[in-house]
Amino acid sequence: MLEDAKVLLKKYYGYDSFREGQEKVISSILGGRDTFAIMPTGAGKSICYQIPALLMKGITIVISPLISLMKDQVDALDDIGVRATFINSSLDQYEVQERILMAVSGHVKLLYVAPERLETESFCALLKTLDISMIAIDECHCVSQWGHDFRPSYRAIAPLIDKLGERPVISAFTATATTEVKEDVVRLLGLRESDVHTTGFDRKNLFFSVIRGENKKDYLMKYLENNRDQVGIIYAGTRKEVDNIHDSLARKGYSIGKYHAGMSDMDRSKAQEDFLYDNVNIIVATNAFGMGIDKSNVRYVIHYTIPKNMEAYYQEAGRAGRDGEASECILLFGAQDIILQKFLIEQNVVSEERRINEYRRLQEVVDYCHTTKCLRKYILEYFGETVVPDSCDSCSVCKDERSLADITIDAQKIFSCIARMKQRFGTVLVSQVLRGSKDKKVLEFGFNQLSTYGIMKNYTVKEIQDLVNVLIADEYLFLTGSQFPVVKLTEKSLKVLKGEEKVFQRIHKAKKKISADSSLFLLLKSARKDISARESVPPYIIFTDAALREMSEKLPQSDEEFLKIKGVGESKLQKYGKEFLKTIETYLSEHPSNLEVQK
Ligand code: ADP
């Protein structure tokens with residue numbers, strides 16, 4: 001059976017071997033067992049149900065939560081020559097009828113539907129007439145109210161399965177599951193003695209960084225300057241922050257779009273489409289953006305504000321590098337973010353039990369931002385992996401390239417000023433006093449009489465504030481959680497004031513570029529963009545960046561050589577082979593030395 005699966009993997013998808021975990025999941029499904037697969041984003045879940053669907057005799061119903069996701073999947077399947085279709089609310093009645101007919105007459109192997117559809121009597125009646133081999137449930141954590149995307153319609157799945165004459169195999173997939181969610185999925189979907197497969201959660205091509213105590217805006221600007229042509233997502237905490245970041249980057253000439261729930265449906269889908277089709281490189285968004293974004297060539301995901309929990313973080317950050325190429329996940333930490341997240345919990349979470357749970361989960365993110373252990377290890381252990389090496393060599397803790405600067409004297413000046421201001425004011429006023437500002441408020445309170453007034457004249461107010469934030473991040477100071485946060489001293493700062501401890505700041509060196517783009521790679525990208533416009537499918541569905549990079553390295557010059565590129569199956573060779581081979585040929589005729597290097 002697995003041999004047949006491998007043949008299809010090569011024929012349709014153009015890959016030589018299954019990835020870790022895929023084989024086990026596919027064998028389990030083909031063995032007729034209910035299967036629950038927990039695999040990280042980008043691990044290749046779709047293939048795990050698509051290949052069995054092709055090998056099973058009847059039809060596979062795929063339950064998928066998002067319209068955009070369904071369309072993407074069906075487009076991608078169509079592109080590799082697999083017969084699939086979807087039914088959802090984006091279609092009119094006539095189109096729905098047409099697709100139902102295709103399903104009934106056995107013309108499609110996979111039918112994607114939204115969970116809401118299972119709540120309509122007529123649709124359930126239709127399903128009973130089909131020869132269903134498997135029901136595959138994507139994003140199955142949506143069935144659990146402990147998960148972060150609870151979708152009540154997922155609860156209609158189990159009753160539907162019970163009503164079907166012959167019980168098909170059930171497979172369920174998610175990228176994220178805590179113990180509570182896992183138990184809920186098995187129970188609420190009615191999985192029978194399910195095989196639970198948790199593949200390693202590790203995403204080896206992702207570099208994780210936490211940036212603490214730096215001016216976020218400055219960091220972001222510097223990072224983007226160094227990575228101008230790369231594709232990335234910036235997550236911000238509020239709509240207002242999204243607007244601000246978007247506007248300042250657009251002013252600087254970046255190719256950028258934005259996405260948040262305050263925009264009209266039309267504007268949002270245009271923004272999403274522009275990003276998917278490579279019309280813009282960067283999208284800045286709230287966490288409303290992203291579920292079902294399969295764009296594979298995202299090179300970085302920057303969180304400008306901390307997320308609400310580690311699961312949400314790993315899922316959002318995991319949108320980087322689905323194509324397996326080196327990519328970065330950067331979390332910018334500011335102590336004020338905690339206040340924002342706590343405010344959101346207070347506003348949105350009604351039950352006391354859930355509130356306590358949400359606070360605990362938020363604390364886990366704060367701990368991640370402060371941990372001195374390997375970030376990858378922290379994440380993997382969070383997801384329940386037990387045997388994790390102590391260091392990974394590809395996170396900001398393991399690869400700390402910052403240099404240490406002794407800032408004890410400045411820290412003492414700041415602490416002493418806060419003490420003299422009776423620990424009753426925020427970071428701005430403290431910084432103004434240290435700077436020696438003549439601001440009305442400073443003079444009103446008589447702070448110009450303090451001995452610490454103007455003792456940091458050589459800094460700007462912003463620089464002093466940045467330094468205060470470093471000291472907050474490193475827990476020498478803390479901010480109260482009120483509407484107007486007040487900065488206070490901690491035990492740690494008292495020791496520094498007494499001269500018992502020194503304070504060091506880590507200074508970042510400018511980051512190098514993620515990867516250099518070769519000129520052939522850019523030509524291939526442009527060929528892909530032309531096809532994408534012509535066929536109205538996103539570029540990454542045609543070929544991933546990884547496939548284009550392999551082409552630009554291996555320089556295939558015949559159909560056989562082209563078929564050897566990972567991601568080139570028979571259908572893609574037929575559809576696009578000529579065009580890409582031509583681009584390579586032209587390039588080689590203009591750069592003959594590349595050919596010699598190759599040989
Ligand atoms: P997930 O749904 O788990 O996030 P996808 O199914 O979208 O991931 O797959 C992510 C990427 O990995 C896709 O570009 C897919 O073509 C690729 N992929 C999947 N399986 C393999 C494999 N066995 N070898 C190489 N690439 C693969």
Side-chain angles (χ1 to χ4, degrees), residues 2 5-27 35-54 62-66 68-77 79-82 84 110 112 136-142 171-177 197-206 231 276 290-299 301 314-325 327 528 537-550 563-569 571-572:
L2 209 58
K6 272 192 187 143
V7 171
L8 297 190
L9 181 71
K10 181 71 192 159
K11 176 173 153 97
Y12 288 111
Y13 299 85
Y15 299 131
D16 294 325
S17 55
F18 285 113
R19 287 195 185 142
E20 199 187 324
Q22 284 179 323
E23 242 175 50
K24 282 194 208 137
V25 174
I26 292 174
S27 301
T35 305
F36 177 13
I38 306 167
M39 298 160 88
T41 312
K45 285 185 279 299
S46 330
I47 281 181
C48 290
Y49 60 82
Q50 288 169 356
I51 288 191
L54 290 172
V62 185
I63 297 164
S64 174
L66 278 189
S68 60
L69 186 97
M70 278 181 219
K71 184 170 176 332
D72 246 32
Q73 293 266 354
V74 169
D75 281 349
L77 287 169
D79 209 35
I80 59 172
V82 171
L110 293 112
Y112 284 74
I137 304 153
D138 205 6
E139 311 285 0
C140 64
H141 61 274
C142 292
S171 57
F173 299 85
T174 179
T176 141
H197 296 279
T198 307
T199 58
F201 266 88
D202 195 9
R203 301 272 312 277
K204 294 194 172 61
N205 59 318
L206 301 185
V231 170
L276 295 182
M291 180 147 147
I293 296 294
D294 277 353
K295 188 175 169 70
S296 67
N297 62 334
V298 175
R299 291 281 73 87
V301 173
Y314 203 50
Q315 185 154 66
E316 286 159 15
R319 296 192 174 117
R322 294 175 80 121
D323 53 9
E325 296 255 302
S327 308
R528 180 178 67 176
V537 289
Y540 60 90
I541 284 190
I542 298 164
F543 281 125
T544 60
D545 276 14
L548 298 190
R549 207 172 289 287
E550 197 179 328
L563 256 182
K564 286 193 188 134
I565 303 289
K566 283 195 206 74
V568 180
S571 166
K572 296 213 172 178

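Just so you know, ligand 1 is whichever comes first in the structure, and atom 1 is the first atom listed for that ligand. As the structure is a computational prediction, the values presented were derived from the model and not from experiment.
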For atom 14 (O) of ligand 1, closest protein heavy-atom neighbour: Thr544 CG2, 3.8 Å
Ionic contact status for Asp323 with Lys566, cut-off 4.0 Å: no
Heavy-atom donor-acceptor pair, Tyr49 side chain to Phe173 backbone, under 3.5 Å: no
Closest protein heavy atom to atom 11 (C) of ligand 1, given as residue, atom name and distance to 0.1 Å: Arg322 O, 3.5 Å
Region of Ser46 engaging ligand 1 - heavy atom pairs below 4.0 Å: both
Nearest-contact summary for atom 10 (C) of ligand 1 - protein heavy atom, Å: Gly42 O, 3.6 Å
Heavy atom of the protein closest to atom 20 (N) of ligand 1 (residue, atom name, distance): Gln22 NE2, 2.9 Å
For atom 26 (N) of ligand 1, the option (of Lys45, Lys295, Arg19, Lys566) bearing the nearest heavy atom: Arg19
Any donor-acceptor pair under 3.5 Å from Lys45 side chain to Met39 backbone: yes
Donor-acceptor contact present, side-chain Lys572 to main-chain Ile542, <3.5 Å: yes
Candidates Arg322, Arg319, Arg203, Arg299 - the one meeting side chain to side chain donor-acceptor pair (under 3.5 Å) with Ser327: Arg299
4.0 Å heavy-atom contact, Met39 with ligand 1: no
Tyr15, portion touching ligand 1 at heavy-atom distance under 4.0 Å: side chain
Atom NZ of Lys24 with >12 non-hydrogen neighbours under 6.0 angstrom: no
Heavy-atom gap Ser17 to ligand 1 smaller than 4.0 Å: yes
Sub-4.0 Å heavy-atom approach of Ala175 to ligand 1: no
Distance filter under 4.0 Å to Ile47 heavy atoms, resulting ligand 1 atoms: 19 (C), 20 (N)
Min heavy-atom dist Ser296 to ligand 1 below 4.0 Å: no
Interfacing atoms of ligand 1 (cut-off 4.0 Å, heavy-atom, Phe18): 23 (N)
Pair Asp72 + Lys295: basic N to acidic O under 4.0 Å: no
Flag, side chain of Gln22 to backbone of Gly44, donor-acceptor distance under 3.5 Å: yes
Min heavy-atom dist Asp323 to ligand 1 below 4.0 Å: no
Atoms in ligand 1 flagged as close to Pro40, the criterion being non-hydrogen separation under 4.0 Å: 3 (O)
Derivation and outcome, side chain to side chain donor-acceptor pair (under 3.5 Å), residues Gln50 and Tyr13: CA-CA 11 Å; Gln50 288 169 356; Tyr13 299 85; 2.7 Å; yes
Side chain Thr35, main chain Ser171, donor-acceptor under 3.5 Å: no
Which residue and heavy atom of the protein sit nearest atom 9 (O) of ligand 1, plus the separation: Gly44 CA, 3.5 Å
